[in-house]
Amino acid sequence: MTPLLKVERLNAYYGRAQILFDVSFEVGRGEVVALMGRNGAGKSTTMKAIMNMMPRKSGDIAFMGERIDAWPTHRIARAGLGYVPEDRRVFGDLTVMENLDTGRQPPRDGAPSWTPNKLFRVFPNLGEMRENVAGRA
Ligand SMILES: Nc1ncnc2c1ncn2[C@@H]1O[C@H](COP(=O)(O)OP(=O)(O)O)[C@@H](O)[C@H]1O
Ligand SMILES: [Mg+2]
């Protein structure tokens, strides 16, 4: 079966420093895969390279059987591949609800669709704060 995500010989650079050296892996449909390594090993760089957020990179990346490595980041995101950066920042001037709206995607076939109400059932505290400005405690 075609893997959900297939990464082959991924190399990535910051300036002249090469960070990734021929990284290859696959993620199957329904699989949960963790990439582990010490601080500075290149985990975030791997994710940024997949999302085409690196200044220079090479390699073959296929998502649901389609090559995405030349696509701009917004197109990759629209295809359904998300990247949640480690620093978890929010837009301080927007409300909780508006912050959620910035990351929402239209429903897609076969993908779980998150509505605010489903989310607030999982995180009830967030539901109570939906109209609060995110930058205020
Ligand atoms: N913006 C950047 N400019 C230059 N080097 C960077 C930058 N971001 C990360 N690096 C370097 O790339 C390497 C991998 O970093 P990173 O992918 O953030 O590691 P991890 O996420 O595994 O902790 C480290 O040596 C780090 O110093
Ligand atoms: Mg990191």
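Owing to the predicted nature of the structure, the values given are computational and were not obtained by experimental measurement. These numbers come from the heavy atoms of this one structure, side chains and all, not from hydrogens, waters or symmetry mates. For ligands, and for the atoms within them, numbers begin at 1 and follow the listed sequence. Heads up: numbering here begins at 1 and tracks the sequence.
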* Start with the C-alpha distance between Ile61 and Arg67, add both sets of side-chain angles, then the distance that settles side chain to side chain contact (heavy atoms under 4.5 Å, CB included), and finish with yes or no. => CA-CA 6 Å; Ile61 305 168; Arg67 283 284 293 273; over 6 Å; no
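Residues passing the side chain to side chain contact (heavy atoms under 4.5 Å, CB included) test with Ile76 are Met51, Asn52, Ile68, Trp71, Leu81, sequence neighbours excluded.
Within a 6.0 Å radius of CZ in Phe91, no more than 12 heavy atoms belonging to other residues, nucleotides or ligands are found.
For the Mg ion (ligand 2), the count of nearby protein N/O/S atoms, taking only those under 2.8 Å, is 1.
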Check: residues 21-37 side-chain donor-acceptor pairs under 3.5 Å, at least two apart:
from: Asp22; atom 1: OD1; to: Asn11; atom 2: ND2; distance (Å): 3.1
from: Ser24; atom 1: OG; to: Arg9; atom 2: N; distance (Å): 2.9
from: Glu31; atom 1: OE1; to: Gly28; atom 2: N; distance (Å): 2.5

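Between Thr45 and Met54 there is a side-chain heavy-atom pair separated by less than 4.5 Å. In this structure, the side chains of Arg130 and Glu128 stay at 4.5 Å or more apart for every pair of heavy atoms.
Sorted by chain and number, the heavy-atom contacts of ligand 1 below 4.0 Å come from Tyr14, Ile19, Arg38, Asn39, Gly40, Ala41, Gly42, Lys43, Ser44, Thr45.
Here the CG atom belonging to Asp69 is positioned 14.0 Å from the CZ atom belonging to Phe63, to the nearest 0.5 angstrom. Interatomic distance, CZ of Phe120 versus OG1 of Thr115, reported as 9.0 Å (0.5 Å rounding).
Between the side chain of Lys57 and the backbone N or O of Thr46 there is no donor-acceptor pair closer than 3.5 Å.
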